[in-house]
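If you read the sequence from its start, that first residue is 1, and numbering goes on from there.
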Amino acid sequence: TQVVAATTTAYYRQALLRGDDGSIYTLTVQNTSGGLILSKYSAAGALLTKADIDTSSTSYRAHQIFFLSNGSICVFASSSSPYTIRFAIYDTNLTAIKSMTTIATALSAYSSACALSGGGFAVVFQPSATPLLSQLVTYDNLGDAVLPATTIWTRTGTSGAQYHRLAQLSDGNLVVTASS
């Protein structure tokens, strides 16, 4: 099944989810110009519905989608020039709960997000080149801020973009990796 007729760069994360009922959710570029589309397919590959998240020519990177603890779907991506990290929340029928919302402008497109077992989600990102920081912010299941941007690491050095990955461990703690 062809999901979208567009070219994506190999280093983009291809976002994909599998629902409890076997449904397949994809987050892809809207077309060759950019944008974002969230699609839902049957387990057999038939398109069931789609949500046009952004129909502009904005170029997005680092796509992520994940289920929140209440069953909703969080869409996360970073637009380029400048890198702006954003999220949206949809139910499993792809009805918008929270439209595309800006978290922050970042130095690197490679921010990362993950669902939290107690509800909501966390995001880690690099806000600027000077100083070289990694910041963490959290939101609830409806997309309302819970913890404002908090610095979790100050890197020594004078330049460079950080590439983050974020995950929650089985004991509830978060693990953040950063390559710079």
Side-chain angles (χ1 to χ4, degrees), residues 1-81 83-103 106 108-125 138-143 163-170 174-177 179:
T1 300
Q2 181 174 335
V3 175
V4 65
T7 303
T8 58
T9 308
Y11 58 80
Y12 287 7
R13 296 181 192 137
Q14 304 306 317
L16 181 69
L17 276 180
R18 181 181 174 274
D20 290 338
D21 63 354
S23 296
I24 301 165
Y25 299 89
T26 62
L27 176 64
T28 61
V29 294
Q30 180 75 243
N31 53 50
T32 55
S33 299
L36 279 178
I37 186 169
L38 178 62
S39 302
K40 179 180 180 179
Y41 294 86
S42 70
L47 179 63
L48 300 174
T49 189
K50 66 178 185 169
D52 294 319
I53 298 172
D54 183 344
T55 57
S56 74
S57 60
T58 300
S59 176
Y60 284 93
R61 300 177 180 186
H63 307 125
Q64 288 181 258
I65 54 176
F66 47 87
F67 287 110
L68 297 173
S69 63
N70 66 353
S72 297
I73 298 168
C74 184
V75 171
F76 177 80
S78 177
S79 62
S80 59
S81 293
Y83 298 120
T84 304
I85 53 175
R86 298 177 175 155
F87 74 91
I89 299 174
Y90 289 81
D91 69 16
T92 55
N93 294 316
L94 306 192
T95 301
I97 295 171
K98 179 92 169 185
S99 60
M100 200 58 132
T101 301
T102 297
I103 296 171
S108 169
Y110 299 100
S111 305
S112 186
C114 75
L116 300 174
S117 59
F121 61 100
V123 177
V124 65
F125 63 98
T138 63
Y139 292 86
D140 65 18
N141 283 335
L142 298 176
Y163 300 78
H164 292 96
R165 289 293 286 166
L166 176 66
Q168 187 171 36
L169 302 173
S170 60
L174 294 175
V175 61
V176 177
T177 61
S179 170

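- When all heavy atoms are compared, the tightest approach of His164 to Val176 is CD2-CG1, 4.1 Å.
- Residue Asp21 qualifies as enclosed at atom CG: its count of foreign heavy atoms under 6.0 Å is above 12.
- Closest approach of Tyr25 and Thr92 over heavy atoms only: OH-O, 3.2 Å.
- Heavy-atom minimum distance, Asp91 versus Ile73: O-CD1, 4.2 Å.
- With rounding to the nearest 0.5 Å, the separation of CZ in Arg165 from SG in Cys114 is 9.5 Å.
- Thr26 OG1 to Leu38 CG: the interatomic distance, rounded to the nearest 0.5 Å, is 7.0 Å.
- Side-chain contact between Gln168 and Leu174 is present, with heavy atoms from C-beta onward closer than 4.5 Å.
- For NZ of Lys50, the number of neighbouring non-hydrogen atoms (other residues, nucleotides, ligands) closer than 6.0 Å is 12 at most.
- Within the model, atoms CD1 of Ile89 and OG of Ser72 stand 7.0 Å from one another, a figure rounded to the nearest 0.5 Å.
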Please assess Ser69 against Asn141 for the test side chain to side chain contact (heavy atoms under 4.5 Å, CB included), listing each intermediate value before the final yes or no. CA-CA 7 Å; Ser69 63; Asn141 283 335; 3.1 Å; yes

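- Gly143 approaches Phe87 most closely through the heavy-atom pair O-CZ, 3.4 Å.
- When atom types are taken as modelled, the side chain of Thr101 and the backbone of Ser99 share a donor-acceptor pair closer than 3.5 angstrom.
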Let's go through His63 and Thr28 carefully: what are the C-alpha distance in whole Å and the side-chain angles of both, what is the deciding distance for side chain to side chain contact (heavy atoms under 4.5 Å, CB included) to 0.1 Å, and is it a yes or a no?
CA-CA 8 Å; His63 307 125; Thr28 61; over 6 Å; no

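- Between Thr58 and Arg86 the shortest heavy-atom distance is CG2-NH1, 4.4 Å.
- The structure places CZ of Phe121 at 8.5 Å from CZ of Phe76, a figure rounded to the nearest 0.5 Å.
- Here the CG atom belonging to Leu27 is positioned 11.0 Å from the CZ atom belonging to Phe66, to the nearest 0.5 angstrom.
- Residue Tyr83 comes nearest to Ser108 through the heavy atom pair CD1-C, 3.9 Å, listed as atom of the first residue, atom of the second, then distance.
- Counting only distance, with no hydrogens or angles, the side chain of Asn93 and the backbone of Thr95 share no donor-acceptor pair below 3.5 Å.
- Between the CD1 atom of Ile65 and the CG atom of Leu16 there is a distance of 6.5 Å, given to the nearest 0.5 Å.
- Judged by distance alone, the side chain of Ser112 and the main-chain N or O of Leu166 form a donor-acceptor pair under 3.5 Å.
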